[in-house]
Amino acid sequence: MRVTFPRMGNSHIPLRALFESAGVEVVLPPPSSRRTVALGARHSPEFACFPLKLNIGNFIEAAESGADTMVMAGGIGPCRFGYYAQVEREILADMGFDLEMVVLEPPCTGWVGLASRIRKITGGCGVTGLLRAARLAWVKCGAVDEIESVSRKARPVERSRGAVTRAMEEALALLDDAGTVTAARKALAAGCEMIWSATGFPVDDPEPIRVGIVGEIFMVLDGFSNMDVERRLGEMGVEVHRFLSMGEWVRSNLLPKSFMPHEAREMVALASPYLNYFVGGHGVESVGGVRVYARLGFDGVVQIMPFTCMPEIVAQSVLKNVSRDHSIPVLTLSLDEHTAEAGLQTRLEAFVDLLKRRRVMKAAGRTEEGVTPL
Amino acid sequence: MSLYLGIDVGSVSTDVALIDPRNGLVAGAYLMTRGQPIRVVQEALDEIAAAATVPHEISGVGTTGSGRHLAAAIVGADAVKNEITAHAVAALARVPDARTVIEIGGQDSKIIILRDGVVVDFAMNSVCAAGTGSFLDRQASRLGIPIEEFGTIALRSKNPVRIAGRCAVFAESDMIHKQQVGHTVEDIVWGLCQALVRNYLNNVGKGKEIRPPVVFQGGVAANAGMKKAFEEALGMEVIVPGEHKLMGAIGAAILAREARPKPATSFKGFDVARQRFVSGGFECSGCSNMCEVTEIRSGDSLVARWGGRCGKWSS
Ligand code: SF4
């Protein structure tokens, strides 16, 4: 069995560790590229959201390199994502690929089903082996989150543009190669060191503009599909923050309730005066997230979603009020394969200009209607 | 006199403005981009050089628009700013207490909310082309009326017809239908203006607090029908500055002026109009992104290169 799974940001690092240390052969789809998008868009329904098109592209490219089993997450709730795995299986079957699809439905639909599917993939690996694999994957998952988060802090202060991003790539490669928990921890420490030294240790430390990111999790985590929003903002001197990460997702969705990160609960709680209803995906968290960022004194928030994403559209319409009430600007980016880079860059630059000018105005003590200090 | 040059390269039109140190317009040019941004920038520079009769010295150059990096590379710019900032700055130069800027150009439209002279919010259209200059041009030619008369014809309407303006395709088919039913051209054109304004306010202006003074700029602002439709829908006066077509370029020029102090301008001189630039490109094979890298050359020398996702190709 040669297992593959779709690309989503750097999630392939822990996922590969999970399967390989459980003794399963993994065929990683090549990193998403323009070819992936072209293949995916050609074979998917036009109205499907961008993540589905990318998944299809990834699966086709993985099948070309010899994968025979696809692992895909399932989902529940009002969002279309729940049936994407089935749609993808049908599309690939129609195209004549002989691939088996294993759908991992979230555990709240029943642990037994999930366990039996996992057994189906991992076959001979015993329970202890599985636990060891899960532990390595979990450590790598945390390490990826950490490396990304350090890079987001380092980027706005780097002396030469792009140095932090290059160091981050190296750090991730180092982590990907680590075969044991100890090696992974060492790689993390070395990687963070590399990223900080890549900044050239700037001495004068102006307070950068701080922007939080909320939105649909695939688009937020996948730099390829959001056209590197984090890097673009960072290179404009903005410190970017996000609560959404793989680790956060695992804690909130796979582990018992008590593991749910504090911020995740807070986001849901704070959303309730505006949106007190599960709309699917991370719609509620997007609304609450903006309030959390407002409380933390952030300068602004960027909401990222695939074009036509229902939960995020609901959030977007509510966010108008949140933004006004809390005096925090929110920029919504709705992206898909038709998004032009120039337009995205313009929006981001204009947004950052806006935040900088607001800060100057606030420092000067000028407040007028609509712009009260946070 | 020391003057400042602003260049706004959009996908449909390119405008260039020459301003004096008090932001007054000395000369301006407005041309169609026709998919040839380099050529059109050169032509516009030629026009400006010919039109600027006063003895002058260029002390700063600013560029804006989707082709801002390209223009900056070929002329040598001191400030490269996005369209939102450029349009806001220009509007404030003409209407100092402006609080809302409606900008509708050839291919896109935007709204900028200003408070106390500062941009506090903005939005740009992302998907629908209804209401932009290109769409109006097409409808005018389909109805057989020159675009310049579109607005005045609209103002002659006695019985407006309601056109579905949700999207460009519906608007067009609805107009054809209304024509077949026998409505007059005046009424249809006025109905279209109202529909486009509704569309703009629902899509671009949605959720934004529109307060007076409202400045309406961009190519479409020339259309008296659109101005009136905005005034009716908003219930307030809408100001169209005389240089409404050149506001992007004027803003870029002002930003160049503000970008000082700088030892000297990077402007390469009006001679660039006679230089031969060749744009080309290649697919980078550095990694799986396979980015399409664009480059501009002049003779043997490389003027500019951009397009990689990783920053390896940007100067
Ligand atoms: S420009 Fe950079 S990101 Fe793009 S293909 Fe080349 S190496 Fe990769």
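In the text below, chain A, chain B and the rest are named by the order of the sequence lines, each starting its count at 1. Note that the structure is predicted; figures quoted are calculated from it, not measured.
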Is B/E292 atom CD crowded by more than 12 heavy atoms from other residues, nucleotides or ligands, each under 6.0 Å away? no

Just how far is it from atom CG of B/D116 to atom CZ of A/R358, taken to the nearest 0.5 Å? 12.5 Å

Applying a strict 4.5 Å limit to non-hydrogen atoms, the region of B/K206 in contact with chain A is both

Contact part of A/S32 toward chain B, heavy-atom cut-off under 4.5 Å: side chain, backbone, both or neither? backbone

Is chain B contacted by the side chain of A/P31, its backbone, both, or neither, given a heavy-atom distance below 4.5 Å? both

A/R347 CZ to B/I84 CD1 distance, which is reported to the nearest 0.5 Å: 8.0 Å

Note: vs chain B, highest number of non-hydrogen pairs under 4.5 angstrom among A/D228, A/N321, A/T332, A/T36 is A/D228

Of the backbone (N, CA, C, O) and the side chain (C-beta and beyond), which part of A/R35 lies under 4.5 Å from a heavy atom of chain B, both, or neither? both

Separation between CZ (B/R68) and CD (A/E349), nearest 0.5 Å, reads 4.5 Å

Interchain contact, A/T346 with chain B, by part (heavy-atom threshold 4.5 Å): both

Contacting moiety of A/L331, where chain B heavy atoms sit under 4.5 Å: side chain

Evaluate salt bridge (charged side-chain N to carboxylate O under 4.0 Å, His left out) for A/R324 paired with B/E209, printing each intermediate quantity in order. CA-CA 10 Å; A/R324 190 199 51 222; B/E209 228 182 331; over 6 Å; no

Distance in Å, B/K81 NZ paired with A/D353 CG, rounded so as to fall on 0.5 Å steps: 4.0 Å

Counting heavy atoms not belonging to A/R210, are there more than 12 under 6.0 Å from its CZ? yes

